[in-house]
Structure formats: C-alpha cells, structure tokens
Amino acid sequence: MNPSAAAAPRLLPGLLRFPHGGPDIDFTPAIQTADDMLAFAKKHACTILDLTFVDVPGTLQHTSKPLHELEDVADGGAGFDGSSIRGFKQINESDMLLIPDPVTAMLDPFQAEPTLSVLCDVKDPLSGDFFDSSPRTIARRAVKHLQDSGIADTAYFGPEAEFFIFDSVRYEQGQRGAFYDVDSSEGIWNTGKEGGLGYKIRNKEGYFPSAPFDTQQDIRSEMVREMERAGIKIETFHHEVATAGQAEIDMERDALVTMADKLMRYKYIVRNVARRFGKTATFMPKPLFGDNGSGMHVHQSLWKEGKPLFAGKEYAGLSELALHYIAGLLKHAPALCALCNPTTNSYKRLVPGFEAPVNLIYSARNRSAAIRIPTYSQNPKAKRVEFRMPDATCNPYLAFSALLLAGLDGINRKLSPGAHTDQNLYEMDDTSLAKIPHAPADLSAALDALETDHAFLTESGVFSEDFLAAYIAGKRAEVSEERMRPTPSEYFKYFDA
Ligand code: GLU
Ligand code: MG
C-alpha cells in the first residue's frame, strides 16, 4: 500500500476544503503533462482517480479507479463501453478509450477520499483516432479549423450561466396525473406562510437587493471559492432578476475548449455546493411560470498573435471583421438554436417580456436583441459580441463550436449584419417589431432550421452529416414524446370545454 495514501486524513463529503490553500490562488495552469498530474496527485495524497467526460446531450459522466492505476491510464487510456453512453452508440464498435487531458486535472472537493478528477478525450482503440461523436473531439476540430483558416488563432468564449437555487423540488408524471412543485424561502409566493419573516423577492426584482432579501450570498460565495480553487477565475457574481433564488456567476473568458471544460466543472460545482447547503440548483431555462428564465449569454471574440480582432471604428467600436461575425451569427441563429437551446423547455424562456433575447438583430443597448455589444469598456481587449440566445442546457463543446463556425461563415462570405437598432424593442410598435426576424417558436422549428441550414457546420468537416442526423433524430424523438403529454394547464383550460 502507498504509505502516503494510508496517512491521508479521512474527510467527510464536503469537508475537503481549501485544497489549493487560502485566498491567494495562482491561476497559472501548473499541470501540463502526465508526470505533473502524478506529482500533483502525490502532493495531495490522492487515493482515487476519477475519469470524467461529456456525452452528447452535455451531461458530465464519470468512472473511477484506485490511484495506482494512474500511470497505466496516462500511458494507454482507460477502456469503457461506449454503447451505453447517450449519443456515442455504435453497437459494433462499443469499446472506447478515455484519454485523460492533464491540463484539466483538479481535486474533487465533494468526495471524502482525496480524489484526482480529470476530463478525458475519447478515442477509438483500433484506429487510435479521437472518437468522431465525442463533443470534445468536435470542439478540438473547430479550433483547428479556425487556426487553419488563418483568420485568427484563438476564439475566446465567456458564458454567463444563470441558474436557480431552490429549497426543494418535486415532480411526477404518470398516466393519471402529473405535477411539479418547487419551493424557495425567497419565493414571493411565501409571503403568507406561517412564521414568515418577510423580505421576499418580488417577481423580476431580484437584481439585486442586499440581505435579508438575498439569502444566498454564502452559497454563491462558496461556489465561487470552489471554482477558483479548481482554477476557474471568476469576475463577478450576484443574485439574478427572478424571485426564488436566481443567481449568476461569471467566469473570466478563456479559449474555446478550455472554456467548455470550465463550464462543465462550473455546473458540477454549482450543483454540489447547493447540495452541501441542503438546496438544489437547476440550469433549466424556464422552471418558473411568470418570471425570468435562466439564459447563458455567450461573449465571443477572435484574436490573432495576441491582438484583439473585434475592435475597430465601426458601430459600437467594432471592427468590420466583427460585423461579419455578427452577420454569420444572425444568419444562422435559427439553426444555432437547435444546439444552443436544445430542450423543449428552452423555448418557454425565449418569449417577449422576460429579458429574453427573441429578436434577431444587434444592438449596443437593447437586451431583447439576440446580439448585444457591451460598451462598459473602451479597451480594445474588452471588445466582444454577446450572443444572448443560448441557455446552459446546451452542450458547451457543441454550442461554442457551432457559434464559432457561424461567425467564420459570416467572415468568409463577408456577410453584412444589416441595420443595428438602438430603439427600445419593448416599446416598438407591433408592425415594426414584426419586421425583425424572431427566434424559432419551439425546438421543432429550431430542428427544422438546422436540418435545412447546416452546411456552415459540415463544410469544414468539424461536424459530420452523420452526427447531425443522429442529433436531430434524437431531439425530434424528445419533441414527439413531449407533444403526447396532457399538461395541468390544459386541464385548467379545456376540461370543461
Ligand atoms: N435571464 C435573462 C435571460 O433569460 C437575462 C437577464 C440578464 O440580462 O442578465 O436571458
Ligand atoms: Mg444575467
């Protein structure tokens, strides 16, 4: 037995705190190679290796080994049965390999045993190639395509994921009934609850009164501390607009694949810190009727040789290249929705009136435009475009890759984004508003758009036709299943019709 492992303290879940030390965190990535990873695991007396990877819908999966297997895994990968993983099904060739990427190694703060967690690529053991349908493979190909194009060498992404932290959630659906029921001590519906203390957050007034309205600062702070200990640098965090515990934590931008990795860890940390506090967190885009949903605005910029390419003398301080990029995003927005807003629930957020970006137009001011150009800073390095449509139920490897390819298509074809608007779209008359194209009304319409408009994803070989066909078929099955279910609100409206 490894003596240092035997001497390691046994900790209860949630008590493996401050593994990277106190407040001063060095964000320089320290682990680059398999040897660094081994040294890091030894230094922290890890006993368990947790191999994590992401399936096609975007759920983090994991499988574990005792740490003594790390050297073998670093050399030859770890075998697993790909046929049981959503989106990976290839029944004839189900044997696949997980190849840990050392730069993603971190300590998992939610396990009692000191655990080294690492994100993996997926390889085909026979050909030795990266597995075509693994989202991380697709994201790697997108970055390679950008670099080969000569347009830029780095695409930075900065997602602003929103989520709710609820006290409890119940749901059930069967043949004779269906319901959901969420609760939060902050919920405006709890003003009349016996023993209440008031200070409930009214609908759309959660941005951002201080305590005792806001009861979740400690939870968000702990999420932020765990993220930073995991090497994810945070810029800002706050209570979000909706009642009942809506929150937002914003990461410093990073390159495409790294940011998709970070977002997977972000969601893992949000969910598990909430659980530590006896709460539950959800990234579901529209969990509450009658208040804001949760989006994930995605800030993007292209850089070459350390220079920002989006700053210039055009509208809102943008470059011509940035305007073409915007045009690409707008042109392909309906198809992008199928990857960036991939659930039937996503479209319950994309309705007017709840700060949701339904209008396919760009603006330096208006938050109901699909694209906003933030103007807080005049620094060219901060110049970026914010695509406001996505939500955090998307698979970030697929969504970021598709966004980049849409922007590059705009650049390659020198597309024009048309006129911007600085008008308040909430106050625009219906006839003018009707002239602005809208987000697809539902997932089915978004899938139709992706079916007809996907050459921008496949021409470069980043997404394959087969992958997209399987993706669309899987999502269509979700839509059909959902369509067959009567809902409580249909009972309310039609039972006596
Ligand atoms: N929650 C809103 C959305 O669905 C955004 C609110 C904000 O501007 O941050 O996109
Ligand atoms: Mg927000």
Side-chain angles (χ1 to χ4, degrees), residues 157-166 182 184 186-188 201-209 214 216-217 220 223-224 234-253 263 266-267 270 281-300 329 333 336-337 340-376 384-394 396 399 403 421 424-426 438-443 446:
F157 283 78
E160 298 178 353
E162 297 172 336
F163 53 91
F164 282 86
I165 305 167
F166 291 132
V182 294
S184 159
E186 286 189 9
I188 191 62
I201 290 182
R202 284 180 284 270
N203 284 333
K204 295 195 184 197
E205 290 189 21
Y207 186 88
F208 18 45
D214 178 4
Q216 300 187 333
Q217 174 72 1
R220 291 189 305 271
M223 288 169 178
V224 165
I234 300 303
E235 284 186 343
T236 186
F237 63 105
H238 56 85
H239 201 290
E240 249 303 348
V241 173
T243 188
Q246 197 183 25
E248 176 172 323
I249 298 175
D250 296 335
M251 296 177 269
E252 185 181 83
R253 70 166 175 231
L263 188 64
Y266 173 110
K267 291 175 74 173
V270 163
T282 181
F283 293 87
M284 188 173 166
K286 192 77 173 181
L288 295 181
F289 172 71
D291 206 343
N292 279 25
S294 295
M296 186 175 76
H297 310 152
V298 181
H299 295 251
Q300 298 157 65
L329 290 178
L336 287 171
C337 282
C340 297
N341 305 78
T343 67
T344 56
N345 185 256
S346 298
Y347 298 83
K348 297 185 173 163
R349 161 180 169 254
L350 290 177
V351 295
F354 294 97
E355 289 192 292
V358 287
N359 300 299
L360 301 183
I361 197 162
Y362 66 110
S363 172
R365 306 239 173 90
N366 205 290
R367 284 180 150 76
S368 74
I371 293 178
R372 190 177 76 97
I373 325 309
T375 47
Y376 295 125
R384 60 199 190 270
V385 305
E386 176 189 353
F387 189 58
R388 293 174 62 85
M389 295 182 83
D391 63 60
T393 57
C394 70
L403 291 168
T421 181
N424 187 341
L425 298 175
Y426 296 124
H438 274 67
D442 54 26
L443 181 57

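Values in this document were obtained by computation on a predicted structure and should not be read as measured data. Numbering of ligands and ligand atoms starts at 1, following listing order.
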Below 3.5 angstrom, do we get any N/O pair linking E240 and ligand 1? yes
Enumerated ligand 1 atoms positioned under 4.0 Å from heavy atoms of H297: 3 (C), 5 (C), 7 (C), 8 (O), 9 (O), 10 (O)
Given the Mg ion (ligand 2) as the apex, I'd like the angle to OE2 of E162 and OE2 of E240, rounded to 10 degrees. 100°
Evaluate P357 for polar contact with ligand 1, using N/O atom pairs at a separation under 3.5 Å. no
Quick one: do F157 and L263 satisfy side chain to side chain contact (heavy atoms under 4.5 Å, CB included)? Show the steps, please. CA-CA 11 Å; F157 283 78; L263 188 64; over 6 Å; no
Give a yes or no answer on whether the side chain of R349 reaches the backbone of M389 with a donor-acceptor pair at less than 3.5 Å. yes
Atom 4 (O) of ligand 1: nearest protein contact (heavy atom, Å): R349 NE, 2.7 Å
Per the side chain to side chain contact (heavy atoms under 4.5 Å, CB included) rule, which among P342, P285, C337, S346 passes with C394? P342
A student checking ligand 1 against G293 at a 4.0 Å heavy-atom cut-off should list atoms 1 (N), 4 (O)
Can you label the angle between the F283 ring and the F163 ring as parallel, tilted or perpendicular, going by 30° and 60°? tilted
At less than 2.8 Å, would any N/O/S atom of E248, backbone or side chain, sit next to the Mg ion (ligand 2)? yes
Could you tell me whether the side chain of H239 and the main chain of Q246 form a donor-acceptor pair under 3.5 Å? yes
N or O contact, R388 vs ligand 1, cut-off under 3.5 Å: yes
Test your reading of the model: is there a side-chain donor-acceptor pair from S363 to the backbone of A369, 3.5 Å cut-off? no
How many angstroms lie between CZ in F354 and CG in L288, if you round to the nearest 0.5 Å? 10.5 Å
Ranked by distance from atom 1 (N) of ligand 1, the top protein heavy atom is E162 OE1, 2.7 Å
